[in-house]
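Beneath this line is the structure, given in structure tokens, with notes to follow.
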Amino acid sequence: MPPIVRFAPSPTGLLHIGGVHTALFNWLYARHEAGEFRLRIENTDTSREVAEATEQIQESLRWLGLDWDGPTTFQLDRMQRCKEEARRLVDEGKAYEDVGAIRIRMPDEGSTGWDDLIRGRIEYPNEKLEDLVAVRADGRPTYNFASPVEDWLDGITHVIRGEDHISNTPKQIRILQALGASLPRYGHLANILGPDGRKLSKRHGAVSAEEFRKQGYYAPALLNYLALLGWSYDDRRELFTREELVELFTLERVGASPAVFDYQKLTHLNGVYLRSLSPAEYAGVLAGYLREQGYEWNEELVRRAAPLVQEKIATLGEFPSFAGFLFEPVEPARELLDGSAPLLSDAREALGGVDPFEAGQIEATLRGLAERLGLKPRQAFQPIRAAVTGSNVSPGLFESIELLGREETLARLARAAAAAA
RNA sequence: GCCCCCAUCGACUAGCGGCCCAGGUCACGGCCCUUUCAAGGCCGUAGCGCGGGUUCGAAUCCCGCUGGGGGCACCA
């Protein structure tokens with residue numbers, strides 16, 4: 001029987017990367033086993049609900065390609081059913097009323113245990129289990145009651161979630177048993193930590209899927225990186241397409257120890273992905289990203305600039321600062337130009353006669369100029385680079401000049417020569 | 001305080017008793033290439049938390065300790 005799993009975030013804000021990780025592992029498991037992956041919004045606590053959150057969560061999942069089966073469901077929609085079930089437990093003597101709330105009786109001897117999908121046997125002493133509130137005095141079911149009831153109603157077969165739910169599991173098992181429901185299997189994933197060993201949070205850097213997207217991370221790379229946090233295929237392979245992940249993923253190879261999120265490794269992997277794209281694909285991805293982030297730059301020029309940066313930037317977000325000089329005026333720092341007024345004037349003059357105005361000719365001309373002036377390539381090109389791109393770090397100089405065009409290049413050289421004088 | 005979980009290079013991990021004086025990747029250091037920055041190539045530094053067992057043999061199994069994390073709500 002194919003498994004049915006679910007991802008059940010609460011709509012309290014943007015989708016946290018830890019949530020993405022949990023969603024990914026559920027999704028991979030479902031797809032690998034040809035089962036179903038459901039999305040359920042746990043909005044029982046209306047006071048903490050953020051209006052936009054549900055749509056943002058779904059948008060993030062769509063961006064990452066984590067498609068879910070069936071409609072998105074809402075915990076709140078099942079309040080009535082939850083109350084009826086709680087009522088039933090009272091009638092059966094398995095629960096009782098307490099100051100207006102309904103509490104479920106928990107055993108106080110022995111232990112409750114389960115064979116965790118990724119941790120093996122876990123036993124929890126029953127004396128630590130309190131009679132938990134299933135329905136509040138105001139009539140709303142609690143999370144710990146609604147969640148297992150919904151798992152039951154939805155026929156969830158495998159509950160794969162974060163390790164912070166380990167201590168909830170025995171309670172939920174007891175509830176399900178009281179209800180007469182069959183139990184799902186449980187698997188608890190390790191948390192994702194920040195570099196300081198604490199829970200990954202805002203002060204460590206980007207934490208929501210939306211932020212990673214904004215910074216120019218490529219969804220397939222982010223997914224690949226996240227898969228490597230707690231899962232591995234063997235002792236050397238680290239690059240996997242979505243399809244390969246689906247094919248190779250097994251819970252058997254998921255580890256139980258917490259992992260520190262390494263932004264540098266993610267960035268490196270992102271670069272590997274971006275560089276592996278064909279020039280046309282890359283140009284499309286880059287143009288799409290800039291459009292989405294609100295840049296209104298000439299798309300034709302963006303596409304022509306794409307090959308100049310593909311090898312050089314690891315995230316799409318670096319493009320504006322790295323190649324923005326093609327679209328906006330530059331203001332080179334004085335010290336980058338110091339003492340190079342004659343050189344810049346000579347360069348301007350030499351480039352004025354280049355025809356056709358393309359990289360090969362431009363390079364030959366500037367190298368010839370450097371040689372005439374007795375300058376090493378670096379000595380000659382850095383000031384020119386600064387004058388034209390506004391920085392001492394840029395895409396290839398000759399290609400950049402070609403894209404900028406003769407008129408703008410000469411204007412920038414003239415302006416910089418004046419500033420350097 | 002009590003309960004639960006976890007423990008291999010700085011980081012992610014491979015290792016499920018001999019193939020390991022521990023392998024891969026990121027980061028870091030050096031060299032090469034080079035118009036900057038990257039990318040790439042080559043080389044290198046670096047690890048089984050500690051103590052007891054079990055075994056002919058332990059990174060691998062067991063126990064304890066230590067350390068880290070999570071949980072103990074009419075929050076999710």
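Naming: A, B, ... by sequence-line order, numbering from 1 per chain.
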Members of residues 118-127 of chain A that approach RNA chain B, where some heavy atom sits under 4.0 Å away
A/Arg119, A/Ile122, A/Glu123, A/Tyr124, A/Pro125
Where along residues 157-171 of chain A does a heavy atom come under 4.0 Å from RNA chain B, residue by residue in number order?
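Heavy-atom cutoff 4.0 Å gives A/Glu163, A/Asp164, A/His165, A/Ile166, A/Ser167, A/Asn168.
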OP1, OP2 of B/rC74 versus side-chain N and O of A/Arg103: anything below 4.0 Å?
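Affirmative; the distance criterion is met.
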For B/rG69 and A/Arg198 - does any side-chain N or O of the residue sit under 4.0 Å from the phosphate oxygens OP1/OP2?
yes
Whole-Å [atom1] distance, [N] and [M]:
N: B/rU66; M: B/rG47; atom1: P; value: 26 Å
N: B/rC28; M: B/rG51; atom1: P; value: 34 Å
N: B/rC56; M: B/rC72; atom1: P; value: 47 Å
N: B/rG24; M: B/rG41; atom1: P; value: 14 Å
N: B/rG68; M: B/rC50; atom1: C1'; value: 15 Å
N: B/rC63; M: B/rC20; atom1: C1'; value: 26 Å
N: B/rC74; M: B/rG70; atom1: C1'; value: 23 Å
N: B/rC48; M: B/rC33; atom1: C1'; value: 38 Å

All pairs passing side-chain hydrogen bond (donor to acceptor under 3.5 Å, both in side chains) where residues 17-27 of chain A contributes a residue, at least two apart
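Qualifying pairs: A/Trp27-A/Asp67.
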Can you pull out every side-chain hydrogen bond (donor to acceptor under 3.5 Å, both in side chains) where at least one residue sits in residues 278-287 of chain A? Sequence neighbours excluded, please.
A/Ser278-A/Glu281
Once ring-ring contact (aromatic ring centres under 6.0 Å, His included) is applied, do any residues pair with A/Phe74, and if so which ones, sequence neighbours excluded?
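Partners of A/Phe74 under the ring-ring contact (aromatic ring centres under 6.0 Å, His included) test: none.
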Given atom [atom1] of [X] and atom [atom2] of [N], what is their separation to the nearest angstrom?
X: A/Met106; N: B/rG71; atom1: CE; atom2: P; result: 19 Å
X: A/Leu189; N: B/rG69; atom1: CG; atom2: C1'; result: 15 Å
X: A/Arg236; N: B/rA22; atom1: CZ; atom2: P; result: 15 Å
X: A/Tyr186; N: B/rC5; atom1: OH; atom2: P; result: 17 Å
X: A/Lys83; N: B/rC74; atom1: NZ; atom2: C1'; result: 14 Å
X: A/Met79; N: B/rC74; atom1: CE; atom2: P; result: 17 Å
X: A/Arg48; N: B/rA73; atom1: CZ; atom2: C1'; result: 12 Å
X: A/Leu239; N: B/rG24; atom1: CG; atom2: P; result: 17 Å

Do any pairs count as a ring-ring contact (aromatic ring centres under 6.0 Å, His included) and have a residue in [range], sequence neighbours left out, and if so which ones?
range: residues 257-276 of chain A; value: A/Phe212-A/Phe261, A/Tyr225-A/Phe261, A/Phe261-A/Tyr263
range: residues 363-399 of chain A; value: A/Phe381-A/Phe398
range: residues 316-336 of chain A; value: A/Trp297-A/Phe327
range: residues 139-169 of chain A; value: A/Tyr29-A/His158, A/Tyr143-A/His165

Considering every strand and a 4.0 Å limit on heavy-atom distances, what is the contact class for [X]: base, sugar-phosphate, or nothing?
X: A/Val99; value: base
X: A/Asn43; value: nothing
X: A/Thr267; value: nothing
X: A/Asp138; value: nothing

Going 5' to 3' through nucleotides 31-49 of chain B and flagging B where a protein heavy-atom sits under 4.0 Å of the base, S where only the sugar-phosphate is that close, and - otherwise, we get ----BBBBSS---------
Show the nearest heavy-atom pair for residues [X] and [Y], with the distance to one decimal.
X: A/Ala414; Y: A/Arg348; answer: CB-NE, 3.5 Å
X: A/Leu337; Y: A/Ala386; answer: CD1-CB, 3.8 Å
X: A/Lys199; Y: A/His204; answer: O-CE1, 3.4 Å

Using a 4.5 Å cut-off on heavy atoms from C-beta on, say whether the side chain of A/Ser10 contacts that of A/Asn43.
no
Between the protein and nucleotides 7-13 of chain B, which nitrogen or oxygen pairs come in under 3.5 angstrom?
residue	atom	partner	partner atom	Å
B/rC12	OP1	A/Val260	N	3.0
B/rC12	O2'	A/Leu228	O	3.0
B/rC12	O2	A/Lys265	NZ	3.4
B/rU13	OP1	A/Gly230	N	2.6
B/rU13	O3'	A/Ser232	OG	3.4

Strand partner of [N], provided both Watson-Crick or wobble distances fall under 3.5 Å:
N: B/rG40; result: B/rC32
N: B/rC50; result: B/rG64
N: B/rA11; result: B/rU25
N: B/rG18; result: B/rC56

A/Phe249 and A/Phe25 aromatic centres sub-6.0 Å
yes
My understanding is that only residues two or more places apart in sequence, or in another chain, count here; which of them pass salt bridge (charged side-chain N to carboxylate O under 4.0 Å, His left out) with A/Glu130?
none
Where the side chain of A/Tyr217 meets the backbone of A/Leu266, is there a donor-acceptor pair that is under 3.5 Å apart?
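It does not hold such a pair.
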Closer than 3.5 angstrom, by distance alone: can the side chain of A/Gln310 be matched with the main-chain N or O of A/Leu274 as a donor-acceptor pair?
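Such a contact is found between A/Gln310 side chain and A/Leu274 backbone.
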Modelled atom types, side-chain donor and acceptor of A/Thr72 and A/Gln58, under 3.5 Å
yes
Specify the residue among A/Asn191 and A/Gly255 whose closest nucleotide of RNA chain B lies further upstream toward the 5′ end.
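Here A/Gly255 is the residue nearer the 5' end.
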